[in-house]
There are 4 protein chains.
Amino acid sequence: MLISLDLQADIPIYVQLRAQIIEGIATGQLKPGDALPSVRQLAEDIGINMHTVNKTYNILKQDGFLLVHRQKGVVVNPDMLPRVTKEYVQQIHNDLRPMIVEAYCRGMTKKEFTQMCKDIFEDLKKGEAKS
Amino acid sequence: MLISLDLQADIPIYVQLRAQIIEGIATGQLKPGDALPSVRQLAEDIGINMHTVNKTYNILKQDGFLLVHRQKGVVVNPDMLPRVTKEYVQQIHNDLRPMIVEAYCRGMTKKEFTQMCKDIFEDLKKGEAKS
Amino acid sequence: MLISLDLQADIPIYVQLRAQIIEGIATGQLKPGDALPSVRQLAEDIGINMHTVNKTYNILKQDGFLLVHRQKGVVVNPDMLPRVTKEYVQQIHNDLRPMIVEAYCRGMTKKEFTQMCKDIFEDLKKGEAKS
Amino acid sequence: MLISLDLQADIPIYVQLRAQIIEGIATGQLKPGDALPSVRQLAEDIGINMHTVNKTYNILKQDGFLLVHRQKGVVVNPDMLPRVTKEYVQQIHNDLRPMIVEAYCRGMTKKEFTQMCKDIFEDLKKGEAKS
DNA sequence: GTGGTCTAGACCACG
DNA sequence: GTGGTCTAGACCACC
């Protein structure tokens, strides 16, 4: 699986890495039960510090995407991946609102915005089909 | 205009304040040419540091939402509010993508997501109508 | 508030520190809304590394005991302290069971065990009364 | 006797295995003098590393639950199972205290907590009766 | 000043 | 070998 980070961006590395791993799961490149690289291995591969990878893994563990198997190391949760909970909807709504407010203020129409969302969804599904 | 900040959220105050002012513009509570409170005044009113208000105003000036009027002080740009630029589309796309990836991974459908967006748009328009 | 850690024990420092802070909240030495020392300050006071304190604070944040107020720093959650959730009951049950199994196996009676628990409860309430 | 381990839990395997064997003794599935499977055999049966089983047996030997019989191999101590020593009381108290402190802090009453303990005791006795 | 992030290097428990 | 923990020291964003 390919990881692409922008170490110069103002988004923390661990947040970018988290997003990349979730994308891997979303597109089926990482399937439930699959083992991930060790923290040290992945850190070396992408040229960042071990602790940064560790932080990402820990957050994803807490989210329920990953868990530590005592024999296989870190694996994608084989039993139940996180679903859309009430809290998650609340959170995503809170994140979405200011974005939409500004888009609206700049004159973007509802249609344009939702089309953008749909395009991203379609892009994802294409990635999934390929994998 | 009512400003509501959450000092316990993990979103910087200046970002929240920026969003609130943009929302004021979006809903018509702040119209082009309207004057905003002075930095000191607003800081005192909402109980935050003067520098934070200043930072917000500066960013909004740079964005093109606000500008300095010789007599009235800081006002909502009376000539032309910011529109949907290419850079803006790029930025919003970059922000939107990881959100959608996670939503998709959690099993949220394209329809559910776009409906959520539409609801927020509608909510905004209602606010606009009332004001 | 007095913090007492055993740096030689095989219990991680951050776990001990977490327990001590919860004890502070339980006994009323730390009340909702109270500010805690900064990570650097507390680390220096008790002679451990900043990151260890930070880890403790982060876990307690996640648990809902603490939160970061952008003006006051880290504070005891002023709104709602964590309660007994279903998951918490499950977890405490899982922790308790092997302890009781061994106690039972060693011939400790139900009465002796519960008396021990009661003693600890009483001890806590005394501490609370004093504070 | 059934051994159930959770390789994804954050409790070391050898600790879980130790608890399971003690539970076997507590419920009478393993009686004083009974032989346990060989290290290799048990490791293979439950799919874990031989060293892990070995470690568990060694700890249980040191605790006094098991000992090595010349002919039968590792057996449940036929003479005297470990009792409630002063050190054991001290240790269990130290383990129990932080659990009770947090439970108390979350609003669990003394009665609720002790009832939980009693339930576990009763559950154990039921298991013992059946065996 | 605060917390947040990242790096570097070390030791240990576990399997 | 793995992850978990702790230390040390640094830079940055925020207020």
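Between B/R40 and B/E44, none of the side-chain N atoms (NZ, or NE/NH1/NH2) sits under 4.0 Å from a carboxylate O, so this pair counts as no salt bridge.
In the displayed structure, B/H51 atom NE2 is contacted under 6.0 Å by at most 12 heavy atoms of other residues, nucleotides or ligands. Within 6.0 Å of atom CG in C/L7, more than 12 heavy atoms from other residues, nucleotides or ligands are found, so the atom counts as buried in its surroundings.
Nearest nucleotide to the A/H51 side chain, out of E/dG3, E/dG9, F/dG4: E/dG9. For A/N49, counting side-chain heavy atoms from C-beta on, the closest listed nucleotide (E/dC6, E/dG15, E/dA8) is E/dA8. Checked against E/dC11, E/dG15, F/dT5, the side chain of A/R40 finds its nearest nucleotide in E/dC11. Checked against E/dG15, E/dA8, F/dC14, the side chain of B/P12 finds its nearest nucleotide in F/dC14. In this structure, of F/dT5, E/dG4, F/dC15, it is F/dC15 that holds the atom nearest to the side chain of C/R70. The side chain of A/I48 lies closest to E/dT7 when the candidates are F/dG3, E/dT7, F/dG4.
Distance CD (C/E44) to C1' (F/dG9): 15 Å, rounded to an integer number of Å. Put simply, CG on C/L67 is 15 Å from C1' on E/dT2, counting in whole angstrom units. Rounded to an integer number of Å, the gap from C/Y57 OH to E/dG3 P is 7 Å. For the pair C/L66 CG and E/dT2 P, the computed distance is 16 Å after rounding to whole Å. The interatomic distance linking B/L7 (CG) with F/dC14 (C1') rounds to 13 Å, in whole Å. Separating the CD1 atom of C/I13 from the P atom of F/dA8 is a distance of 11 Å, rounded to the nearest angstrom. Distance A/Q8 CD to E/dT5 C1': 14 Å, rounded to the nearest Å. Rounded to an integer number of Å, the gap from B/D6 CG to F/dC15 C1' is 16 Å.
C/Q41 and C/D45 share a donor-acceptor pair across their side chains, judged by distance under 3.5 Å alone.
Of the residues near DNA chain F, C/I11 and B/V15, the one whose nearest nucleotide (by heavy atom distance) lies more toward the 5' end is C/I11.
Test A/V74, A/V53, A/I46, A/L42 against A/P37 for side chain to side chain contact (heavy atoms under 4.5 Å, CB included) and you get one pass: A/L42.
At least one side-chain nitrogen or oxygen of B/Y14 sits closer than 4.0 Å to the OP1 or OP2 atom of F/dC14. For E/dC14, the OP1/OP2 oxygens have no side-chain nitrogen or oxygen of D/T52 closer than 4.0 Å. For A/S38 and F/dG3, the shortest distance from a side-chain N or O to OP1 or OP2 is below 4.0 Å. An OP1 or OP2 oxygen of F/dC14 is reached within less than 4.0 angstrom by a side-chain nitrogen or oxygen of B/K55. The phosphate of F/dG3 has neither OP1 nor OP2 within less than 4.0 Å of any side-chain N or O from A/N54.
Annotation: the span from C/E23 atom CD to C/Q20 atom CD amounts to 6.0 Å, rounded to 0.5 Å.
Here E/dC14 sits opposite F/dG1 as a Watson-Crick or G-U wobble pair (both hydrogen-bonding atom distances under 3.5 Å).
Residue C/K61 is in sugar-phosphate contact alone, with no base atom involved, counting any heavy-atom pair closer than 4.0 Å across all strands shown. Within 4.0 Å of A/D10, counting heavy atoms only, lies no atom of the nucleic acid at all. Heavy atoms of A/M50 sit under 4.0 angstrom from at least one base atom.
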